[in-house]
Amino acid sequence: QVQLVESGGGLVQAGGSLKLSCAASGSTFAFIAIAWYRQAPGKQRELVAGISSSGSTDYADSLKGRFTISRDNAKKTVYLQMNSLKPEDTAVYYCNAGRYLSGRYYASSDYWGQGTQVTVSS
């Protein structure tokens, strides 16, 4: 069992930065893949970035270069550094615990956090 709690969202101006945190419970954290997803109003939830237990990463092509995912296994936390934010990045950002296979992240339907709101003003 894994429980995920996101934090770090807020209101930021376009061009600014935010760093999200996903804190996990459970003794197996170091062995599981974690990802960030986002869902904007009226849109489907989409993958932002995933990271394997060994630190390999999978990014949405459109976000490469602006967003960086990382993990600290000692703190059982995964981070999402978001730079050069745009109004279209406005969404609820969710954490997911899933699988990482052959360079791609696969979400689990069982393990989602409650989400954190990110709003980017123009």
Got a donor-acceptor contact below 3.5 angstrom from the Tyr93 side chain to the Gly115 backbone?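 Checking the backbone N and O of Gly115 against the side chain of Tyr93, no donor-acceptor pair under 3.5 Å is found.
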Determine the minimum heavy-atom distance between [X] and [Y], stating which atoms define it.
| X | Y | answer |
| --- | --- | --- |
| Tyr59 | Ile69 | OH-N, 2.8 Å |
| Tyr94 | Gly113 | CD2-O, 3.7 Å |
| Thr77 | Ser21 | CG2-CB, 4.1 Å |
| Gln117 | Val92 | OE1-CG2, 3.2 Å |
| Gln114 | Glu6 | OE1-OE1, 2.8 Å |
| Ala24 | Leu4 | CB-CD2, 3.7 Å |

Step by step, work out the side chain to side chain contact (heavy atoms under 4.5 Å, CB included) result for Ile34 and Cys95. CA-CA 7 Å; Ile34 302 286; Cys95 208; 3.7 Å; yes
Side-chain heavy atoms nearer than 4.5 Å, only ILVMFWY residues, links allowed to pass through others: does that put [X] and [Y] together?
| X | Y | answer |
| --- | --- | --- |
| Leu80 | Ile32 | yes |
| Tyr111 | Phe29 | yes |
| Val2 | Trp36 | yes |
| Val78 | Val118 | yes |
| Tyr37 | Leu20 | no |

Apply side chain to side chain contact (heavy atoms under 4.5 Å, CB included) to residues Ser121 and Leu11 and explain how you reach the verdict. CA-CA 7 Å; Ser121 63; Leu11 175 64; 4.3 Å; yes
For the atom pair [atom1] ([X]) and [atom2] ([Y]), what is the distance rounded to the nearest 0.5 Å?
| X | Y | atom1 | atom2 | value |
| --- | --- | --- | --- | --- |
| Met82 | Ser17 | CE | OG | 8.5 Å |
| Ser102 | Asp58 | OG | CG | 11.0 Å |
| Gln44 | Gln39 | CD | CD | 8.5 Å |
| Ser25 | Lys76 | OG | NZ | 7.5 Å |
| Arg71 | Ile51 | CZ | CD1 | 6.0 Å |
| Leu101 | Ser52 | CG | OG | 10.0 Å |

Does Trp112 form a side chain to side chain contact (heavy atoms under 4.5 Å, CB included) with Gln3? I'd like the steps, not just the answer. CA-CA 8 Å; Trp112 289 97; Gln3 291 185 325; over 6 Å; no
Note, [X] side chain near [Y] side chain (heavy atom, < 4.5 Å):
| X | Y | result |
| --- | --- | --- |
| Arg99 | Ser108 | no |
| Tyr79 | Cys22 | no |
| Phe67 | Asn83 | no |
| Lys86 | Arg66 | yes |
| Glu46 | Arg38 | yes |

For Val48 and Leu63, run side chain to side chain contact (heavy atoms under 4.5 Å, CB included): C-alpha distance rounded to whole Å, both residues' side-chain angles, the deciding distance at 0.1 Å, then the answer. CA-CA 7 Å; Val48 174; Leu63 299 176; 3.6 Å; yes
